[in-house]
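Take a look at the structure below.
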Amino acid sequence: MSYRNLNISYEVFDNIKALNGADHALCLKAEEALLNSYSPYSRFKVGTAIRLKDQRVLLGSNQENVAYPSGLCAERVALFAIGAADPNAVIESMAITAKTDNFVIEKPVTSCGACLQVMAEFEQKQKQEIEVLFYCIGGEIIKVKGIKNLLPFVFVEARLEG
Ligand code: THU
């Protein structure tokens with residue numbers, strides 16, 4: 001038996017003004033994406049903005065359904081839309097934010113495990129790390145470079161690849 005440790009690295013910024021110009025703009029786009037959230041059941045809006053290598057920015061938001069499990073998180077809505085429309089697109093960075101009228105969100109909202117798994121697959125496919133910004137409106141931003149820092153025990157099995 002042996003013990004092992006994993007180190008996870010990320011940056012924390014006090015507010016949106018502390019970010020570089022491109023990241024600042026991407027967070028504002030994620031906020032804009034909240035407008036199209038369809039979340040009548042949870043009343044919890046999630047928005048994401050994805051910057052591609054060619055500097056295009058695409059938006060996504062959570063889309064819920066009365067059959068609850070049929071809904072989908074903002075991150076996967078945006079990622080799968082990119083995969084479907086432009087399979088060779090290379091993702092540089094994504095910003096994620098959330099908003100609800102039901103309580104105050106004091107800290108950045110992080111992505112669920114299923115979304116992280118999908119981010120990991122995109123990263124592997126494009127052979128380039130993805131940066132993720134978790135943006136709390138009016139507050140902190142967590143910046144993570146590479147999905148391995150978010151999901152160190154990601155499921156991978158090269159022999160399942162086509
Ligand atoms: N949600 C996201 O859009 N992204 C996540 O990573 C976690 C949760 C959505 C799903 C649902 O519409 C609402 O937030 C409440 O769980």
Side-chain angles (χ1 to χ4, degrees), residues 6 8-13 15-16 19 22-52 56-87 89-126 128-156:
L6 283 169
I8 292 177
S9 305
Y10 59 94
E11 296 166 73
V12 182
F13 298 84
N15 59 63
I16 195 173
L19 297 173
D23 288 353
H24 183 122
L26 199 64
C27 285
L28 292 181
K29 291 301 266 182
E31 208 172 326
E32 189 183 313
L34 294 170
L35 295 170
N36 288 348
S37 163
Y38 177 68
S39 41
Y41 305 104
S42 71
R43 308 230 163 250
F44 190 79
K45 294 173 191 276
V46 183
T48 186
I50 299 185
R51 189 176 66 236
L52 303 179
R56 271 183 297 150
V57 173
L58 298 136
L59 307 186
S61 51
N62 55 332
Q63 300 295 317
E64 298 185 348
N65 190 277
V66 65
Y68 291 4
S70 301
L72 199 61
C73 294
E75 297 90 321
R76 278 176 288 160
V77 165
L79 289 166
F80 289 147
I82 291 170
D86 193 354
V90 174
I91 296 171
E92 202 170 79
S93 185
M94 58 193 291
I96 297 138
T97 195
K99 190 180 174 184
T100 179
D101 292 333
N102 293 348
F103 50 88
V104 178
I105 299 176
E106 294 112 346
K107 292 274 166 199
V109 170
T110 47
S111 299
C112 78
C115 288
L116 295 181
Q117 183 70 37
V118 171
M119 291 176 197
E121 182 100 9
F122 269 79
E123 191 173 73
Q124 223 190 334
K125 190 172 72 152
Q126 69 182 30
Q128 190 182 301
E129 278 189 344
I130 297 174
E131 287 187 2
V132 185
L133 297 150
F134 296 117
Y135 163 45
C136 174
I137 297 168
E140 246 175 33
I141 296 100
I142 293 174
K143 180 172 178 174
V144 186
K145 294 181 183 176
I147 309 304
K148 65 179 181 304
N149 282 307
L150 283 161
L151 194 60
F153 283 104
V154 63
F155 173 71
V156 279

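Note that the numbering runs from 1 along the sequence shown for the chain. Order of appearance sets the numbers: ligands from 1, and atoms from 1 within every ligand.
The protein atom (non-hydrogen) at minimum distance from atom 4 (N) of ligand 1 is E75 OE1, 2.8 Å. If you check which protein heavy atom lies closest to atom 10 (C) of ligand 1, you get C73 SG, 4.1 Å. In terms of protein heavy-atom proximity, atom 3 (O) of ligand 1 is nearest to A74 N, 2.9 Å.
By the definition of a contact as any protein heavy atom under 4.0 Å away, atom 14 (O) of ligand 1 is in contact.
Every residue two or more places apart in sequence or in another chain that forms a side chain to side chain donor-acceptor pair (under 3.5 Å) with S39 is listed here: S37.
Of the options R51, K145, K143, a side-chain contact (heavy atoms from CB on, under 4.5 Å) to S93 is made by R51 and by none of the others.
Among the atoms of C112, some N or O lies under 3.5 angstrom from an N or O of ligand 1. Checked against a 3.5 angstrom limit, the closest N/O atoms of S111 and ligand 1 fall outside it. Every N/O-N/O distance between V46 and ligand 1 stays at or above 3.5 Å. Considering backbone and side-chain N/O of T110, none are found under 3.5 Å from N/O of ligand 1.
Shown here for F44 and E64, the closest heavy-atom pair between the two residues is O-OE2, 4.4 Å.
The E64 neighbourhood of ligand 1 comprises atoms 11 (C), 12 (O), 13 (C), with distances under 4.0 Å to a heavy atom of that residue. Annotation for ligand 1: atoms under 4.0 Å from non-hydrogen atoms of S42 are 13 (C), 15 (C).
Within a 6.0 Å sphere centred on CG of N102, other residues, nucleotides and ligands contribute more than 12 heavy atoms. Within 6.0 Å of atom CD in E121, 12 or fewer heavy atoms from other residues, nucleotides or ligands are found, so the atom counts as exposed in its surroundings. Crowding of Y41 atom OH: a count of heavy atoms from other residues, nucleotides or ligands under 6.0 Å exceeding 12.
Using a cutoff of 4.0 Å between basic side-chain nitrogens and carboxylate oxygens, E129 and K148 are scored as salt-bridged.
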